[in-house]
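Below is one structure, written out as structure tokens; comments come after it.
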There are 2 protein chains.
Amino acid sequence: MKRKSSVTQKQVAKEAGVSQTAVSLIFNGDTSIRINDDTRKHVLDIADKMGYVPQAAARSLVQGHSNNLALVLLRPHQQVFNDPYIPNIITGFSEVARKGGFRIVVEQIDDASRLSVIRTMLKGGEVAGIVLSGSISSHQEITQLAEEGHPIVALSHSLNLNTTLHNIDIDHVDGVQQISKHLINIGYERIACISYAPAHDEQVQLRIATFQKVLEEHGRRLEPTLIRYGNYDPDSGYTAMKELLAQKQLPEAVYCMNDLMAMGAMAAIRDAGLNIPSDIAIVGYDGMRFAAFTEPPLTTIHAPEVEQGRLAAQTLIDLLHSTSSKSLSAGKTKALTEKVHYLKPKLVIRQSCGWKHKTNTEATTQNEVISIESLSSSQPLLTK
Amino acid sequence: MKRKSSVTQKQVAKEAGVSQTAVSLIFNGDTSIRINDDTRKHVLDIADKMGYVPQAAARSLVQGHSNNLALVLLRPHQQVFNDPYIPNIITGFSEVARKGGFRIVVEQIDDASRLSVIRTMLKGGEVAGIVLSGSISSHQEITQLAEEGHPIVALSHSLNLNTTLHNIDIDHVDGVQQISKHLINIGYERIACISYAPAHDEQVQLRIATFQKVLEEHGRRLEPTLIRYGNYDPDSGYTAMKELLAQKQLPEAVYCMNDLMAMGAMAAIRDAGLNIPSDIAIVGYDGMRFAAFTEPPLTTIHAPEVEQGRLAAQTLIDLLHSTSSKSLSAGKTKALTEKVHYLKPKLVIRQSCGWKHKTNTEATTQNEVISIESLSSSQPLLTK
DNA sequence: ACGTATTACTAATACGTATTAGCTGACTGG
DNA sequence: CCAGTCAGCTAATACGTATTAGTAATACGT
């Protein structure tokens, strides 16, 4: 069980003819205690020559905290990486974490019983803080950990505003409103919806409720027969659309809750010999990279997911610094005054949703596309 | 800089009226030293009541190794998560790592100068071992670390067989052979290729060389004008295809090195008013989930990426156990006898590649699809 | 009754670092 | 010339655990 012996500060000290304390001081660049430049250089040389690397475990032990941040994914294993959502989050998260000198630990939990892993990681000092993604069924324990002072940031968990958790949220209510109003604005009356399972998920319910509200505000009705449930994947979109097509009265437009299911739905419509959008219009949700290249190009909502990952990491790091120095050092805590952050998604109009037949002031023609910049994102949106 | 005080073994010991040693023994379930069942139960009760969680840092320090495994991605930041390759690897990797009681640290390196991070992580004991993905330009240092006894497993790095690194590889030579032979078998003469940049990448060169070789073995020639370079993204596929379409003589078929670029290429062909596959056939590579739902459904190669992640993790863990116990405990090291593992990719035939006009014994009709099982993968392939 | 096992523990130490308190000698101001 | 400062270090200790060596008490066989 022994591991290879690594070079220690003591060995470096001996070789350099100084004390271990000196080596430690030099490596941590402490300014309050001064070290002669010659000595410093000499020690650094020797350390380099000996291949000295500080032992993370010893540092963590004595400093009382790790320099790992965790990304905990409370989602069924299958959902995590099929969809580009989590990869996008990781992209933003790791970018900021790295700049702050942190490593990231990715832990996926599909079973609610394994929720105690979070406690283990935080209380065991494996990580300094965590970002939490996914629907937290019993957040009793989570909230308690947060109240004990463990830095926790949740993603898209705004439904429980009474929580003590910090939360970085994409405003999907706004997104659903944007895209459903767009469909209404074009003039569709009979609009269907391909949603996610499980139907009881808070986020899913919120989205459906918002969709329904917008319809009703504009004199439409969400027919229960026009709601179908998929499971993130294109094939479930295909199946759901098949069911819609089997009904006697077809929908004029279909709102799909993600782009992958929209792709499946479009395939089903094509297979039925119908045209998109003149027979049935389709919109997606997520703004995946390929959405500009489907047949026809897919109208969708671009959610700033990378930015969400970034902001989550930054909030976590701020939180870390604010709890460590009991007296909140001025300024730093700007992001912490508000517990909930909202990021606005953006509508990306392409051909799959059709367009107004009657001219109007802000006509959207077939070839016109709204060009958007994703906020300094490393994932620039493509508009064909 | 202080962190909240956590419950220690000493505190539990005091509360339970035993020594710290006893608590340690009980928690590690050491069988060589026996503890009375009553005492054990009593201590565990108290520990639970006090919310004791072992400190990871202290354990690592005294045991000399961490229980983290790293996944190091030597890739430009942008490439990592746009493509589902890495997410698939993570899926398989984390699945096995978790079962072995390890956490996973994901570290992405885009700058070769930051390659020393690997040294820092391994020698600093942050992680017990690493899985390496991406083209290692200077693997001088990596090999040295491996020779020093640090467990390292590389992914798809088989070009340097002289390496001391263990390697889990997908046999892309086989994959390229399968798909290019399929095109030739259908009867196409003039076949183009949309490749990756950078062109000097070893894997890219190998794939192009293989493609070329297959063509030449079958009396064709890879016209230099028919090679284009994209960058993983659909829009680069679109652009590359536009260029091919601008030439006076069109290709009959195009081999795209991934599915996303194939999507872009298909959009370009449609935009030019041409038909797929009757005017130009398209094949992709990767077997992404949506490939069955493009217009037309995309013929592609399914690479067992999740399985690659799993096998990498398993090999790393085996390696860990074999180096820790100097006397290689029998059996366990089965996977370690061979340094290089190959996983075979599978051809998935759909409509985008067209089909033989003349009947033949093993005719592939428009609607027939080769159904495949991915090897116990949690990502079952979809065939429409 | 006596030596030996066995059970059930405890005391002491090591792991590698950060940190606190202190020590030495040189320089300074008056 | 002496008190005081300060630069440049060192000794000692703490962090929380695993592990080794050892001890006290009981059981056992003869």
Side-chain angles (χ1 to χ4, degrees), chain A residues 1-44 47 50-67 120 123-126 128 324, chain B residues 1-44 47 50-67 120 123-126 128 324:
Chain A
M1 282 297 198
K2 284 282 176 46
R3 198 43 84 231
K4 44 224 124 302
S5 58
S6 42
V7 180
T8 72
Q9 282 185 358
K10 200 193 287 185
Q11 293 173 30
V12 173
K14 192 176 184 183
E15 191 75 12
V18 297
S19 71
Q20 175 263 323
T21 308
V23 180
S24 174
L25 289 171
I26 286 166
F27 266 87
N28 295 325
D30 198 317
T31 47
S32 70
I33 298 188
R34 319 205 69 187
I35 297 283
N36 187 312
D37 278 352
D38 290 343
T39 316
R40 163 173 277 117
K41 196 161 170 299
H42 179 226
V43 169
L44 286 173
M50 296 178 71
Y52 170 73
V53 173
Q55 293 303 107
R59 296 184 111 234
S60 290
L61 176 59
V62 70
Q63 292 186 143
H65 67 268
S66 144
N67 69 150
T120 306
K123 296 203 133 191
E126 288 183 54
S324 61
Chain B
M1 281 297 196
K2 285 281 177 46
R3 198 44 82 233
K4 45 224 122 303
S5 59
S6 41
V7 180
T8 71
Q9 282 185 359
K10 201 193 290 185
Q11 294 172 29
V12 173
K14 192 175 182 183
E15 191 75 12
V18 295
S19 71
Q20 175 264 322
T21 308
V23 179
S24 174
L25 289 171
I26 287 167
F27 266 87
N28 294 326
D30 197 319
T31 48
S32 70
I33 299 188
R34 319 205 69 186
I35 298 283
N36 187 314
D37 278 352
D38 289 344
T39 317
R40 162 173 278 118
K41 195 160 169 303
H42 179 227
V43 169
L44 285 174
M50 295 177 73
Y52 170 73
V53 173
Q55 293 304 107
R59 296 184 111 235
S60 290
L61 176 60
V62 70
Q63 292 186 143
H65 66 270
S66 142
N67 70 149
T120 306
K123 297 203 131 190
E126 290 183 52
S324 61

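Lettering of chains follows the sequences in order, A, B, ..., and the numbering in each one begins at 1. Bear in mind that the values here come from a model prediction, so they are computed numbers and not experimental data.
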Which heavy atom of [X] sits nearest a heavy atom of [Y], and at what distance?
X	Y	answer
A:Y52	A:V12	CB-CG2, 3.8 Å
A:V53	B:T120	CG1-O, 3.7 Å
B:A128	B:S66	CB-O, 3.5 Å

Using a 3.5 Å limit for the pairing distances, which stems of at least 3 consecutive Watson-Crick or G-U wobble pairs does DNA chain D take part in?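 Counting only runs of 3 or more consecutive pairs, the stems involving DNA chain D are C:1-30 with D:1-30.
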
Under the side-chain hydrogen bond (donor to acceptor under 3.5 Å, both in side chains) rule, collect the residues that match up with B:Q11, sequence neighbours excluded.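 B:Q11: no side-chain hydrogen bond (donor to acceptor under 3.5 Å, both in side chains) contacts found.
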
side-chain hydrogen bond (donor to acceptor under 3.5 Å, both in side chains) involving A:E126 - partner list, sequence neighbours excluded: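 Counting only residues at least two positions away or on another chain, A:E126 forms a side-chain hydrogen bond (donor to acceptor under 3.5 Å, both in side chains) with B:R103.
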
What pairs of residues pass the salt bridge (charged side-chain N to carboxylate O under 4.0 Å, His left out) test when at least one of them lies in residues 31-40 of chain B, not counting sequence neighbours?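 Non-adjacent pairs meeting salt bridge (charged side-chain N to carboxylate O under 4.0 Å, His left out): B:D37-B:R40.
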
Atom-pair distance ([atom1] on [X]; [atom2] on [N]), nearest Å:
X	N	atom1	atom2	value
A:Q11	C:dC15	CD	C1'	13 Å
B:K10	C:dT10	NZ	C1'	15 Å
B:K14	C:dT10	NZ	P	15 Å
A:I33	C:dA21	CD1	C1'	10 Å
B:D37	C:dA8	CG	P	8 Å
A:Q55	D:dT17	CD	P	19 Å
A:N67	C:dT17	CG	C1'	14 Å
A:L61	D:dA18	CG	P	12 Å

Select from A:V53 and B:G17 the residue whose nearest nucleotide in DNA chain C is closer to the 5' end of that strand.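 On the 5' side of the pair lies B:G17.
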
Taking only heavy atoms on the protein side, list every residue of residues 18-25 of chain A lying under 4.0 Å from any atom of DNA chain D, sorted numerically.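 Close to the strand are A:V18, A:S19, A:T21, A:A22.
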
Looking across every strand, which nucleic acid part, if any, lies under 4.0 Å from A:S60 by heavy atom: base, sugar-phosphate, or nothing?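 No contact at all - A:S60 keeps every heavy atom at 4.0 Å or more from the nucleic acid.
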
Heavy-atom side-chain contact between A:R59 and A:N28 under 4.5 Å: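 Yes, side chains in contact.
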
So which nucleotide from C:dA18, C:dA8, D:dA18 ends up closest to the side chain of A:V62?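 Minimum distance to the A:V62 side chain belongs to C:dA18.
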
Rounded to the nearest 0.5 Å, what's the gap from CD1 on A:I26 to CG on A:N36? Could you check?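 With rounding to 0.5 Å, CD1 (A:I26) is 9.5 Å from CG (A:N36).
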
Validation: residues 13-22 of chain B side-chain donor-acceptor distances under 3.5 Å, sequence neighbours left out:
unit_1	atom_1	unit_2	atom_2	d
B:S19	OG	B:T21	N	3.4
B:S19	OG	B:A22	N	3.2
B:Q20	NE2	B:Q9	OE1	2.7

Report yes if at least one side-chain N or O of A:R34 is closer than 4.0 Å to OP1 or OP2 of D:dC6; otherwise report no.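 Answer is no, no contact under 4.0 Å.
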
Would you tell me if any nitrogen or oxygen in the side chain of B:Q9 comes within less than 4.0 Å of OP1 or OP2 on D:dA18?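 It does, given that an N or O in the side chain of B:Q9 lies less than 4.0 Å from OP1 or OP2 of D:dA18.
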
